[in-house]
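Report on one structure; see the data block that follows.
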Amino acid sequence: MASVFGRYAPSPTGDLHLGNLRTALLAWAYAKNSGRGFLIRMEDLDERSRPEFVTSQLKDLEALGLTWEGEVIFQSHRIDEYEAAFEHLSSRGLLYECYCTRRELAAITSAPHRPPGSYPGTCRDLSCEEREAGRAKLAGTGRGPALRLRVEGENAPLHIALVDAICGEFTGIVDDLVLRRGDGPFSYNFVSVYDDGVTGVSQVVRGNDLLPSTPRQIYLQECLAMSRPEYVHVPMVMNAEGVRLAKRDGAVTMKELAAYSWTSADIIELLGRSLGFGSVRSAQEFAAALAGENVGSKPWLIDPKELELGPACIRE
Ligand SMILES: [Zn+2]
């Protein structure tokens, strides 16, 4: 097995659509082109996760010709490990309880002088009485407090800079991110950073909608004494209205497209052409076409209606 990896980490909450498939293919191709192994991780802590979607997603990735090393990693099998890492952070005094309700957070994080969506540390330094009051406030809601990471910076708010392989230099705010939600589950940021760190992932390829949360994830990596992977934030796929592609937009999954005569090779060609490649018909050809290219950060706009015309539409 390789010692360093790229990865694709879907949530098994539905079939993969063209946007997911394009990111998966890119993640695989970047890993291959850099001599890395490739891992698949099912981010199945979401309560909407279903075993049948694990099966259908893996089948689609196989049909595209993607290969991966070892067993598929399931986050739902790793809760004990997350608990231990979480306890370790807690024992170092790095976590604190946040009693803010959803509505309070919406008001706080949209305040005009704050960077959009960032948490200003409202609950960071409360007195014992204030904590008691916070717990009492939540008591009737069926939720406990969320647990946040205490971010220490010389000049609050802290900013961290990174260099992304596609997007270039990016500097973003690091606020006190939630590691465990008030209703119990660990947050996406926590488990995804932890898993990447302990499984040898040294390259993270994913949609560029996640670029703004990357500085927070880097801060958490540093708290966990993990090294920073290479980041490759790839452009998004949008529907005809310029909104992020979703399953309701039409025939956008492999199963749905098969009904309009699309084969796996046709779909690879479609995804390749969306990135300016010529006629690539296999994952290998896709990776070869990607080598040395910068795919840019411009989104791919697609009208799923046109796909109903069948694969001939790509070559018109
Ligand atoms: Zn709070």
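Just so it is clear, the model here is predicted, and its values are computed rather than measured. Sequence positions, counted from 1, serve as the residue numbers for this chain. Heavy atoms only: backbone and side chains are in, while hydrogens, waters and symmetry mates are out. Counting starts at 1 for both ligands and their atoms, following the listed order.
Protein contacts to the Zn ion (ligand 1) involving N, O or S atoms at a distance below 2.8 Å are C98 SG, C100 SG, Y119 OH, C123 SG.
Side-chain atoms of T214 and Q217 form no donor-acceptor pair, as typed in the model, at a separation below 3.5 Å. S56 and D15 share a donor-acceptor pair across their side chains, judged by distance under 3.5 Å alone.
Both tests do not hold together for R41 against F74: distance to the six-membered ring centre under 6.0 Å, angle to the ring axis within 45°. Relative to the ring axis of Y96, R148 does not place its NZ or CZ within 45° and under 6.0 Å from the centre.
Between F190 and Y194, the ring-plane angle classifies as tilted under the 30° and 60° cut-offs.
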Donor-acceptor contacts, no H, no angles, side chain residues 222-230, under 3.5 Å, sequence neighbours left out:
residue : atom : partner : partner atom : Å
R228    : NH1  : A161    : O            : 3.1
E230    : OE1  : Q203    : NE2          : 3.2

